[in-house]
Amino acid sequence: MLGTVLLLLALAKAACPSPANVASRRAEALKKLLEVFGMEDPPAPPTHFKQPPQYMVDLFNTVANADGVTKNPDILEGNTVRSFLDKTHSEDMRFLFVLSSVAKNEKILTAELHLFRLWPRVTDGPKRHHFCQVSVYQVLEKDKPDTPGGKKLLAARLVSLQTSGWEVFAITPAVRDWTEDESSNQGLLVTVQGPGGSLLDSPPLQFASGRGHHESKKPMLVLFTDDGRRGASLPTAGFPGGSHTPGTTPLVPTSLSQGAYAVANGIECSFLTDLKPQAPSLPAKMPVPNLGRSRSARSLDRLRPCQRHPLSVDFEEIGWSGWIISPRGYNAFHCKGSCPFPLGENMRPTNHATVQSIINALKLSEGVSTPCCVPDKLYSINLLYFDDDENVVLKQYDDMVAASCGCH
């Protein structure tokens, strides 16, 4: 996937383009880039300033570093996390979440109802409780939920009355029903009873509703899903800052990846900028190199050994900063350099590349070139963004950052 990204961005700028050609190529490249991110069109930015749920921000920071690069590939269940705010804004413990943005190909792995527990009301006398029972129901009959068959129990447990904070209830079966049949979504009902299920005249426990409470405490539905998209070109071992997944023998990248690097190494792009190797993971951009460099300078580049070089992708310059919350950009890195005979271990060659290098050096067969300098390990990145319905989504994309380079 990284090779596709680099090819598309490099093609966005021609060598001697006319203004019309530049606009056309850029639009075409960005449309293809959206497809890499699983979208047809970029989501519209929120109509007014909107604070993302703190839970989603904290989850992003747990999963990814500041550049969005995955710290540990095993933290997330699936590759997508979606959050939805309650649409009813009622005070009677009824909740409704509109799931129209969930794609048909997404598999629902886990669904959670997040409710913020307010400080309990003070009660006196012998009937004072330390716990109460909270039950969450899937509403089957919108106008008659209390009749037999009007609701279905999803979760129930005792909740302490001594503190405030978030309570999370698993409601996966209901959400699976709603995504299969959108018309069956009649919402949720939450009840508060005594420890043994007894009725309470005045329930001591209340949850924050969508009305009259701070944005950060509003009821929220969180879905962990998987859309089936997976990178298939290279191993993803050794994620930065996380657990180390045992690597496998590096695979030969697809011709698209090799072609993308060939194009990207020869064409600079306004929103892809070479950076200093010693800089931080998302450093300030340097001026775009001069395309008119001398022939000797270009020859020197080809003589340098295969290695990884920084390459910044800036979402603001692409025009996506209005809907992407984090990161503001990331360092994709790219591979550049020669793979001369004999190939040393520091060039991380595959056995196939070693054989190819020998055949090329000894001229044993016509038309056999030297091996190419390409990524042999890749990292995934994570985007936190607003979708078309202004819901906040965390999505993980495989094969987006070159972790290391080798001769293949």
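- Side-chain polar atoms of Lys395 and Thr80 form a donor-acceptor pair below 3.5 angstrom.
- Under the 6.0 Å cut-off for aromatic ring centres, Phe37 and Tyr397 qualify, their centroids lying closer than that.
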Return a table of donor-acceptor pairs under 3.5 angstrom between the side chains of residues 49-57 and protein atoms on other chains or two or more places apart.
residue : atom : partner : partner atom : Å
Lys50   : NZ   : Glu390  : O            : 3.1
Gln54   : NE2  : Asp58   : OD1          : 2.8

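- The closest side-chain heavy-atom distance from Phe84 to Ser101 is below 4.5 Å.
- Under the 3.5 Å distance criterion, the side-chain polar atoms of Ser404 are left unmatched by any main-chain donor or acceptor of Asp376.
- Sparse packing is recorded around CD of Glu182, with 12 or fewer heavy atoms of other residues, nucleotides or ligands lying under 6.0 Å away.
- With sequence neighbours left out, the side-chain hydrogen bond (donor to acceptor under 3.5 Å, both in side chains) criterion links Thr370 to no other residue.
- For the residue pair Ser321/Glu316, the side-chain donor-acceptor check at 3.5 Å is not satisfied.
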Tell me, with the steps shown, if Val190 and Leu113 meet side chain to side chain contact (heavy atoms under 4.5 Å, CB included).
CA-CA 11 Å; Val190 176; Leu113 175 65; 4.2 Å; yes

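- Salt-bridge formation is not detected for the pair Arg94/Asp86: no Lys NZ or Arg NE/NH1/NH2 atom is positioned less than 4.0 Å from an Asp or Glu carboxylate oxygen.
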Decide yes or no on side chain to side chain contact (heavy atoms under 4.5 Å, CB included) for Leu96 and Asn185, but give the supporting numbers first.
CA-CA 8 Å; Leu96 180 67; Asn185 184 0; 3.5 Å; yes

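- Within the 4.5 Å cutoff, no side-chain heavy atoms of Thr191 are placed close to those of Val134.
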Audit row: Ile108, Leu223, side chain to side chain contact (heavy atoms under 4.5 Å, CB included) steps and yes/no
CA-CA 7 Å; Ile108 306 298; Leu223 303 187; 4.3 Å; yes

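- Using a 4.5 Å heavy-atom threshold, the side chains of Ile318 and Leu30 count as touching.
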Taking it one step at a time, do Leu378 and Val401 satisfy side chain to side chain contact (heavy atoms under 4.5 Å, CB included)?
CA-CA 5 Å; Leu378 295 167; Val401 175; over 6 Å; no

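- In this structure, Cys339 and Cys373 have their SG atoms no less than 2.5 Å from one another.
- Side-chain atoms of Arg157 and Ser135 include no donor-acceptor pair closer than 3.5 Å.
- Side-chain atoms of Asn79 come within 3.5 Å of backbone atoms of Asp227 as a donor-acceptor pair (strictly under, hydrogens ignored).
- Leu188 and Phe97 get closest at one heavy-atom pair: CD1-CE1, 4.0 Å.
- Sulfur-to-sulfur, Cys335 and Cys405 sit under 2.5 Å apart at their SG atoms.
- Taking 4.5 Å as the limit, some side-chain heavy atom of Leu221 sits within range of a side-chain heavy atom of Val175.
- The local environment of CG in Asn351 is sparse, with at most 12 non-hydrogen atoms from other residues, nucleotides or ligands closer than 6.0 Å.
- Looking at Lys152 and Asp177, their side chains come closer than 4.5 Å, going by heavy atoms from C-beta outward.
- Between the side chain of Arg308 and the backbone N or O of Ala403 there is at least one donor-acceptor pair closer than 3.5 Å.
- Inspection of the Glu112 and His114 side chains reveals an N or O donor paired with an N or O acceptor under 3.5 Å.
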Under the ring-ring contact (aromatic ring centres under 6.0 Å, His included) criterion, do Trp323 and Phe386 qualify, and how do the steps go?
CA-CA 5 Å; Trp323 55 274; Phe386 290 104; 9.8 Å; no

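- For the pair Phe207 and Glu167, the minimum side-chain heavy-atom distance is below 4.5 Å.
- Nearest heavy-atom pair, Phe224 versus Glu77, reported as atom, atom and distance to 0.1 Å: CB-O, 3.8 Å.
- Scanning both residues, Pro310 and His334, for their nearest heavy atoms gives O-CD2, 3.7 Å.
- The two residues Pro327 and Leu383 have their closest heavy-atom pair at CD-CD2, 3.8 Å.
- One side chain, Thr70 or Ser380, offers a donor N or O that lies under 3.5 Å from an acceptor on the other.
- In plain terms, the two heavy atoms of Met220 and Ser83 that are nearest each other are SD-CB, 3.9 Å.
- Without hydrogens or angle criteria, Arg229 side chain to Val36 main chain gives a donor-acceptor distance under 3.5 Å.
- Across Ser100 and Asp389, no two heavy atoms sit closer than the pair OG-OD2, 3.4 Å.
- Electrostatic pairing of Lys151 and Asp146 counts as a salt bridge here, judged by a charged N lying under 4.0 Å from a carboxylate O.
- Listed for the Arg304 side chain is no donor-acceptor partner under 3.5 Å among the backbone atoms of Ser338.
- Using a 3.5 Å distance cut-off with no hydrogens or angles, the side chains of Ser183 and Asp181 do pair a donor with an acceptor.
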